[in-house]
Amino acid sequence: TGMMKNVASKIIAAKSSGDEGKVVQLDSTGAIPNALFTTEGTWTPVAKIGTTDITSAGSVGSYTQIGDRVFITGTINFNRGTNTGDFTIEGLPVTSASGKTSVLTMSGGDYLDFAPALRAIVSSATTTVTPQRIPASTTATVYAMNDTHIAASTEVTIYLSGHYEA
């Protein structure tokens with residue numbers, strides 16, 4: 001096993017089991033490009049109302065990072081009790097890229113108000129997802145999902161998926 005590396009021509013060929021014949025172009029410094037690095041794992045989503053952790057057992061997520069792109073899925077179980085404030089999901093496995101904002105897909109089951117439609121934002125340089133309400137008209141602005149959109153003292157599940165730039 002190993003690799004054949006020809007820095008002069010900036011070509012590399014893998015010689016390990018299962019990778020025979022794969023050839024990639026090295027970057028200008030002779031290094032393997034970041035886009036070829038992959039990491040996989042799990043992450044634990046943390047649901048919050050304001051600053052209060054309202055996460056219940058069974059919240060789990062998985063991710064795959066390929067270069068600077070992080071693909072995630074998550075199931076978030078929570079009970080907001082009587083807590084009030086804006087709703088967020090914290091604990092993304094990799095900090096998002098500075099200067100970049102991404103939109104994830106979010107859906108849920110019973111006891112959630114998804115009208116008008118929601119979007120889930122990963123803002124610049126964070127590990128936090130911020131669900132936002134999309135206005136039903138052109139005269140209103142986007143605003144944060146909050147306690148008024150989630151039934152009190154009831155177990156709720158949200159599903160999250162998508163990708164963002166790290």
Side-chain angles (χ1 to χ4, degrees), residues 24 27-29 31-166:
V24 297
D27 69 16
S28 61
T29 67
I32 298 172
N34 186 40
L36 299 177
F37 292 102
T38 302
T39 304
E40 296 179 326
T42 59
W43 64 289
T44 303
V46 177
K48 289 191 171 186
I49 290 284
T51 60
T52 305
D53 179 347
I54 58 170
T55 310
S56 301
S59 292
V60 65
S62 63
Y63 76 97
T64 301
Q65 180 178 0
I66 303 172
D68 64 358
R69 186 66 47 188
V70 182
F71 298 84
I72 65 159
T73 61
T75 300
I76 303 97
N77 301 312
F78 60 94
N79 184 329
R80 84 163 177 93
T82 57
N83 293 296
T84 60
D86 289 346
F87 177 70
T88 58
I89 301 166
E90 297 183 359
L92 288 174
V94 179
T95 301
S96 62
S98 180
K100 304 288 183 174
T101 299
S102 299
V103 179
L104 305 176
T105 299
M106 187 173 81
S107 65
D110 297 332
Y111 310 110
L112 291 166
D113 180 2
F114 274 68
L118 292 174
R119 67 181 183 186
I121 298 294
V122 180
S123 296
S124 169
T126 70
T127 58
T128 301
V129 176
T130 305
Q132 296 178 334
R133 311 290 298 207
I134 299 172
S137 74
T138 59
T139 59
T141 59
V142 172
Y143 59 100
M145 181 180 183
N146 60 46
D147 60 280
T148 64
H149 307 117
I150 304 166
S153 302
T154 304
E155 188 71 17
V156 176
T157 301
I158 283 181
Y159 306 97
L160 189 66
S161 66
H163 59 89
Y164 64 96
E165 193 171 343

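Between the side chains of Thr157 and Asn77, at least one donor N or O lies within less than 3.5 Å of an accepting N or O. With 3.5 Å as the limit, one finds no donor-acceptor pair spanning the side chains of Thr128 and Thr88. At a cut-off of 3.5 Å, with distance as the only test, a side-chain donor of Glu155 or Ser56 sits close to an acceptor on the other residue.
Two residues are said to be in side-chain contact when any heavy atoms from C-beta on lie closer than 4.5 Å; Ile54 and Asn83 meet this criterion. With a 4.5 Å cut-off on side-chain heavy atoms, Val142 and Arg119 count as touching.
Gln132 places no side-chain N or O within donor-acceptor distance of the main-chain N or O of Ile134, the cut-off being under 3.5 Å. Side chain of Asp68 to backbone of Glu165: no donor-acceptor contact under 3.5 angstrom is found. When atom types are taken as modelled, the side chain of Ser124 and the backbone of Gly99 share a donor-acceptor pair closer than 3.5 angstrom. Arg133 places a side-chain N or O within donor-acceptor distance of the main-chain N or O of Ala115, the cut-off being under 3.5 Å. Under a 3.5 Å cut-off, the side chain of Thr154 and the backbone N or O of Ala152 do form a donor-acceptor pair. Listed for the Arg80 side chain is a donor-acceptor partner under 3.5 Å among the backbone atoms of Ile150. Remark: the backbone N or O of Ser161 is not paired with any side-chain donor or acceptor of Thr73 at under 3.5 angstrom.
To the nearest 0.5 angstrom, Leu112 atom CG is 9.5 Å from Ser107 atom OG. For the atom pair OH of Tyr111 and OG of Ser153, the computed distance is 12.5 Å after rounding to the nearest 0.5 Å. Separating the CG atom in Asp86 from the OG1 atom in Thr148 is a distance of 9.5 Å, to the nearest 0.5 Å. For the atom pair CG (Asp147) and OG1 (Thr84), the distance works out to 5.0 Å, reported to the nearest 0.5 Å. Atom-to-atom distance recorded for Met106:CE and Ile76:CD1 is 8.5 Å, nearest 0.5 angstrom. Taken to the nearest 0.5 Å, the CD atom of Glu90 stands 13.0 Å off from the OG1 atom of Thr44.
Of all heavy-atom pairs between Gly108 and Phe114, the closest is N-CZ, 3.6 Å. Ile89 approaches Pro45 most closely through the heavy-atom pair CG2-CB, 4.0 Å. For the pair Ser123 and Ser96, the tightest heavy-atom approach, listed with the atom from each and the gap, is O-OG, 2.5 Å. Pro93 and Val70 make their closest contact through CG-CG1, 4.3 Å (heavy atoms, listed as atom of the first residue, atom of the second, distance). Scanning all heavy atoms of the two residues, the minimum distance from Tyr63 to Ile72 falls at CB-CG2, 3.9 Å. The minimum heavy-atom distance between Ala120 and Val129, with the atom names listed, is CB-CG1, 3.6 Å.
Under the 6.0 Å cut-off for aromatic ring centres, Phe87 and Phe78 qualify, their centroids lying closer than that.
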### Query
Can you check side-chain contact (heavy atoms from CB on, under 4.5 Å) on His163 and Gln65, steps first, answer last?
CA-CA 9 Å; His163 59 89; Gln65 180 178 0; over 6 Å; no
### Query
What do the steps show when you test His149 against Leu118 for side-chain contact (heavy atoms from CB on, under 4.5 Å), and what is the final call?
CA-CA 11 Å; His149 307 117; Leu118 292 174; over 6 Å; no
### Task
Decide side-chain contact (heavy atoms from CB on, under 4.5 Å) for Leu92 and Val122; before the verdict, give the C-alpha distance in whole Å, the side-chain angles of both, and the deciding distance to 0.1 Å.
CA-CA 9 Å; Leu92 288 174; Val122 180; 3.8 Å; yes
### Task
Would you sort out whether Ile121 and Val103 count as a side-chain contact (heavy atoms from CB on, under 4.5 Å), showing the intermediate values?
CA-CA 5 Å; Ile121 298 294; Val103 179; 3.6 Å; yes
